[in-house]
Undergrad: 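Take this structure first; my questions come after.
For the single chain, residues carry numbers from 1 onward in sequence order.
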Amino acid sequence: MEYTPISPFMRPISHAHLRVIERPEASVPGKPVNKWELLRELSKAQAAFGVSERDLTVLQGLLSFFPDDALGGNAEMVVFPSNKAICERLNGMPCSTMRRHLARLVDAGLGSVPSDGVRGRARSPRRSAARGRW
């Protein structure tokens, strides 16, 4: 029988998320690294990480939203672009394709996406006046 860890919100947790939770200090390097050099080195070792060229293209698009050239150190490495903005930077890649490649990057442990709310939605819908319920 196979064990699948579940979050408190009844969502499955991937092995990549567990590795980050187990060793949070190892996920953020101590000294800053140039984001473009990191991408070049990652493209050389893409087979070891199990990512494709298209996955790295999506990562390149995400890195282009980060304002500094240096990643790591004490800086927060968070960007909040919309799916539409990412797809525009990726020369019109369809959103469904971009989301698929982004999911592969998350599974490989090379990024994360915001978690959904308690109900499994990104936001709460407005209360329906006609039905009187959520």
Side-chain angles (χ1 to χ4, degrees):
M1 182 167 20
E2 186 176 317
Y3 173 73
T4 304
I6 297 176
S7 74
F9 303 110
M10 303 307 290
R11 297 263 181 165
I13 299 175
S14 71
H15 294 291
H17 289 114
L18 287 176
R19 282 185 291 195
V20 171
I21 291 169
E22 290 172 357
R23 294 179 286 129
E25 67 279 352
S27 64
V28 179
K31 70 177 197 175
V33 178
N34 185 296
K35 64 182 175 183
W36 304 120
E37 289 177 15
L38 178 68
L39 188 64
R40 270 187 240 111
E41 293 298 320
L42 190 57
S43 65
K44 293 176 186 175
Q46 69 185 26
F49 283 91
V51 293
S52 67
E53 295 87 11
R54 296 293 299 256
D55 300 334
L56 292 176
T57 302
V58 172
L59 181 61
Q60 179 181 2
L62 287 172
L63 286 174
S64 70
F65 284 100
F66 193 71
D68 298 328
D69 278 344
L71 297 175
N74 294 332
E76 237 183 271
M77 297 182 292
V78 179
V79 292
F80 294 103
S82 66
N83 288 351
K84 182 180 177 184
I86 297 170
C87 291
E88 287 173 357
R89 291 249 175 126
L90 297 174
N91 299 322
M93 178 184 283
C95 281
S96 58
T97 304
M98 183 272 304
R99 286 191 303 267
R100 184 177 68 241
H101 291 295
L102 185 59
R104 289 187 60 187
L105 288 171
V106 169
D107 288 341
L110 297 174
S112 64
V113 293
S115 61
D116 294 336
V118 176
R119 293 194 225 158
R121 300 180 186 147
R123 61 174 180 79
S124 300
R126 294 184 183 223
R127 189 173 188 165
S128 171
R131 294 188 179 172
R133 64 177 207 196
W134 295 99

Undergrad: Do you know which two heavy atoms are closest between Ser64 and Lys35, and how far apart they sit?
TA: CA-NZ, 4.5 Å

Undergrad: I'd like to know whether CZ of Arg54 has more than 12 heavy-atom contacts from other residues, nucleotides or ligands below 6.0 angstrom.
TA: no

Undergrad: For Asn34 and Trp36, work out which heavy atoms get closest and say how close.
TA: OD1-N, 2.8 Å

Undergrad: Which residue pairs pass the side-chain hydrogen bond (donor to acceptor under 3.5 Å, both in side chains) test with at least one member in residues 91-104, sequence neighbours excluded?
TA: Asp55-His101, Asp55-Arg104

Undergrad: Leu63 pairs by side-chain contact (heavy atoms from CB on, under 4.5 Å) with which of Asp69, Leu38, Leu39?
TA: Leu39

Undergrad: With sequence neighbours left out, what residues match Glu88 under side chain to side chain contact (heavy atoms under 4.5 Å, CB included)?
TA: Lys84

Undergrad: Kindly compute the distance separating CG (Leu102) from CG (Asn83), expressed to the nearest 0.5 Å.
TA: 8.0 Å

Undergrad: Would you name the heavy atoms of Val51 and Ala108 that are closest together and state the gap between them?
TA: CG1-CB, 3.8 Å

Undergrad: Can Lys44 and Glu41 be counted as an ion pair, charged N to O under 4.0 angstrom?
TA: yes

